[in-house]
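All remarks here apply to the structure that follows.
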Amino acid sequence: MRSVVFLVLPCVATAAKWAVIAAGSKGFYNYRHQADACHAYQLMRKSGIPEENVILMMQDDVANSTENPFPGKLFNQPGDSPPDVYAGCKIDYKGDIVTAELFMKVLTGNGSGKVLKSGPEDEVFINFVDHGGAGLIAFPNGPVLSVKDLSTTLKTMKTKKMFKQLLFYMEACESGSMFPDLTSDGKILAVTAANGEESSWGTYCGEQAKVKGKNIGSCLGDLFSVSWMQDSDQGKFTSETISTQLSRVKNLTNKSHVMYFGDRSFENEPIGQLENALSSPEPPVDPSSNAVDVRDIYVTQAVWAWQAAAPGSDAKALAWKKMMAVIADRDSDEQFFEKMVNKACEGVNLHECHKKFLTERMELKDVDCHDDLVKTLFAECPTSDIHHSPGGWNGFNMKFAQVMVNFCEGQGILGKSNEDLVNLVKSECRVARAAETLLV
């Protein structure tokens with residue numbers, strides 16, 4: 001297999017090329033994110049971008065996890081001899097320092113560590129992989145990155161003339177909600193794994209997650225990421241334009257709707273001869289054939305682990321216990337948002353108020369209110385050990401981030417100010433924390 005990098009690489013002798021790659025999760029159940037990130041790193045390096053111009057940040061807790069059947073290795077596709085994408089994957093920032101704040105500093109060239117030092121003639125590629133929700137994406141430590149944060153960051157980069165052209169690939173649920181301010185002439189093109197109302201999908205899961213005869217026990221990749229990084233046509237993409245390539249990726253990512261935002265004026269430029277980025281002696285399994293909705297990956301993987309364990313074994317009992325814990329965690333999240341919406345609708349003269357605020361998809365306009373609410377919930381609500389979440393948001397309950405959007409856009413209906421809504425979230429989070437304490 002040959003892989004081709006989707007970078008904009010016009011033949012300008014003075015232009016430098018830069019890449020920033022971030023995996024925003026931690027924990028072995030999120031194996032796929034760090035495998036995606038290391039695969040992307042390999043592609044950037046093989047495409048000719050010098051090491052000093054590639055910046056990678058991720059928790060780095062998966063390759064050497066005790067759950068990994070291949071310690072010190074990561075695989076982004078199944079098979080008998082797939083490439084180990086962790087080999088030579090040089091991580092610039094790892095562990096507790098990987099936060100949204102660090103990501104923003106790296107992109108805007110601030111800080112004393114390795115940051116973007118790109119200029120007005122340079123091409124920049126950004127790749128983010130993790131969980132997301134309406135107007136937010138997660139990081140393994142610290143608060144979430146809101147759409148307000150990201151918009152401000154990209155505007156700062158443009159003001160500082162940090163690129164000639166910028167290509168941003170985002171792998172996350174509802175990632176289509178993260179780029180509302182991009183313009184048709186701003187020289188930023190964002191491509192997202194999903195629209196603003198749907199999940200992204202994990203791939204090479206369950207029985208397909210086998211490497212050298214061993215089941216990894218976690219999905220190996222994400223469908224959108226695998227689609228743009230794998231070229232099963234043996235190098236056919238190398239003579240095509242970015243537009244043609246992206247059309248192929250859109251077709252391959254057939255479980256969600258790949259979306260484009262911003263400036264498409266440079267998508268018809270040739271990609272260039274970037275063959276042989278990574279090689280594999282065998283073609284990959286169809287990545288969409290066993291793809292799983294990311295919102296359901298935790299529970300699906302828990303069920304697979306229980307089914308695969310030997311009857312009557314300790315492993316079977318432990319797998320059952322974990323599966324029950326995952327299901328209970330999901331139920332708790334669903335009940336929390338149900339109760340919070342009920343509280344918000346108390347005394348509101350609106351038929352089916354609860355249904356409106358729990359299930360409708362209002363358009364996000366008040367990004368200040370949204371930023372306040374999502375960060376309040378992160379700071380005040382209990383964390384999920386199952387999801388290794390650093391705050392109140394996790395990979396499952398971010399599906400309810402739309403509720404925060406609806407609260408902000410429905411303030412008039414609810415008769416509540418921004419401050420009232422913040423206090424409502426705080427209050428419900430305190431109740432949830434107290435209930436959790438009683439169960440311990």
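Tyr86 is listed as a side-chain neighbour of Asn64, based on a closest heavy-atom distance under 4.5 Å. By the 4.5 Å heavy-atom criterion applied to side chains, Arg32 and Val294 are counted as neighbours. Under the 4.5 Å side-chain criterion, counting only non-hydrogen atoms from C-beta, Met340 is in contact with Phe407. Residues Gln208 and Ser289 have side chains in contact (heavy-atom distance under 4.5 Å, counting atoms from C-beta outward). For the pair Met398 and Leu136, the minimum side-chain heavy-atom distance is below 4.5 Å. Side-chain atoms of Trp304 and Thr300, non-hydrogen and from C-beta on, do get closer than 4.5 Å to each other. Taking the side chain as every heavy atom from C-beta outward, Leu56 and Lys90 never approach each other to under 4.5 Å. When side chains are defined from C-beta on, Met404 does not count as touching Leu421, because their heavy atoms never get closer than 4.5 Å.
Taking SG of Cys369 as the start and CD of Gln411 as the end, the distance is 4.5 Å to the nearest 0.5 Å. Note: Gln402 CD to Met362 CE = 8.5 Å, rounded to the nearest 0.5 Å. Residue Arg264 holds its CZ atom at 11.5 Å from OG of Ser184, rounded to the nearest 0.5 Å. In this structure, the separation between CG on Leu107 and CG on Leu154 is 7.5 Å, given to the nearest 0.5 Å. Atom CD1 of Ile55 sits about 4.5 Å away from atom CG of Leu116, to the nearest 0.5 Å. The line from OH of Tyr204 to OG of Ser218 is 15.0 Å long, rounded to the nearest 0.5 Å.
Geometrically, Lys322 engages Tyr29 in a cation-pi contact defined by less than 6.0 Å to the ring centre and at most 45° from the axis. Judged by the 6.0 Å distance and 45° axis criteria, Lys187 is not positioned over the aromatic ring of Phe163.
Of the charged side-chain nitrogens involved, at least one lies within less than 4.0 Å of a carboxylate oxygen, so that Arg295 and Glu174 count as a salt-bridged pair. Here Arg330 pairs with Asp296 in a salt bridge; the nearest charged N to carboxylate O distance falls below 4.0 Å. For Asp149 and Lys375, the salt-bridge test passes: some basic side-chain N is under 4.0 Å from an acidic carboxylate O. Under a 4.0 Å N-O distance rule, the pair Lys105/Glu101 qualifies as a salt bridge.
A distance-only check finds a donor-acceptor pair linking the side chain of Asn76 to the backbone of Leu220 [under 3.5 Å]. At least one donor-acceptor pair closer than 3.5 Å links the side chain of Asn195 to the backbone N or O of Glu198. Within the 3.5 Å criterion, the main-chain N or O of Met44 finds a donor-acceptor partner in the side chain of Ser47. Side-chain atoms of Ser225 do not come within 3.5 Å of backbone N or O of Asp222 as any donor-acceptor pair. Using a distance-only test at 3.5 Å, with no hydrogens or angles considered, a donor-acceptor pair links the side chain of Tyr93 to the main chain of Lys114. Judged by distance alone, with hydrogens and angles left aside, the side-chain atoms of Ser118 form a donor-acceptor pair with the main-chain N or O of Met162 at under 3.5 Å. Between the Arg361 side chain and the Gly196 main chain, a donor and an acceptor come within less than 3.5 Å of each other. In this structure a side-chain-to-backbone donor-acceptor pair under 3.5 Å is present from Asp84 to Leu74. No side-chain donor-acceptor contact under 3.5 Å links Gln34 to the backbone of Met58. Here the side chain of Asn141 pairs no donor or acceptor atom with the backbone of Thr99 at under 3.5 angstrom.
Inspection of the Glu409 and His370 side chains reveals no N or O donor paired with an N or O acceptor under 3.5 Å. No hydrogens or angles considered: a donor-acceptor pair under 3.5 Å links the side chains of Asn394 and Asp333. Side chains of Tyr41 and Asn127: a donor-acceptor N/O pair is absent below 3.5 angstrom, by distance only.
Among His33, Glu171, Lys399, the single residue meeting the side chain to side chain contact (heavy atoms under 4.5 Å, CB included) criterion with His131 is His33.
Minimum interatomic distance between Ala138 and Asp130 (heavy atoms only, all atoms of both residues): O-OD2, 2.8 Å. In terms of heavy atoms, Pro82 sits closest to Val211 at CG-CG1, 3.8 Å. Closest heavy-atom contact between Gly135 and Leu364: CA-CD2, 4.5 Å. Smallest separation of non-hydrogen atoms from Ser177 and Pro180: O-CD, 4.0 Å. The minimum heavy-atom distance between Ala23 and Val98, with the atom names listed, is O-CG1, 4.4 Å. The shortest non-hydrogen separation linking Ser25 to Asn30 is OG-CB, 3.2 Å.
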Show your reasoning for whether side chain to side chain contact (heavy atoms under 4.5 Å, CB included) applies to Cys429 and Phe336. CA-CA 8 Å; Cys429 286; Phe336 170 79; 4.0 Å; yes
List the steps and the verdict of side chain to side chain donor-acceptor pair (under 3.5 Å) for Asp368 and Asn418. CA-CA 9 Å; Asp368 291 322; Asn418 188 2; over 6 Å; no
Please assess Ile97 against Met57 for the test side chain to side chain contact (heavy atoms under 4.5 Å, CB included), listing each intermediate value before the final yes or no. CA-CA 9 Å; Ile97 63 173; Met57 59 181 71; over 6 Å; no
May I have the step-by-step check of side chain to side chain contact (heavy atoms under 4.5 Å, CB included) for Lys365 and Val367, ending in yes or no? CA-CA 6 Å; Lys365 297 178 182 178; Val367 294; over 6 Å; no
Using the rule given for side chain to side chain contact (heavy atoms under 4.5 Å, CB included), can you reason through Cys353 versus Leu414, listing the C-alpha separation, both sets of side-chain angles and the distance that settles it, and then say yes or no? CA-CA 9 Å; Cys353 175; Leu414 295 172; 4.2 Å; yes
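Atom NZ of Lys160 sits in a crowded spot, with more than 12 heavy atoms from other residues, nucleotides or ligands closer than 6.0 Å. Atom NE2 of His257 sits in a sparse spot, with 12 or fewer heavy atoms from other residues, nucleotides or ligands closer than 6.0 Å.
Between Phe125 and Trp228, the angle of the ring planes goes over 60°, which puts this pair in the perpendicular group of the 30/60° scheme. Using a 30° and 60° split on the angle between ring planes, Phe168 and Phe179 fall in the perpendicular class, above 60°.
If you look at Phe139 and Phe128, their ring centroids are closer than 6.0 Å. Residues Tyr298 and Phe396 place their aromatic rings such that the two centres sit no closer than 6.0 Å.
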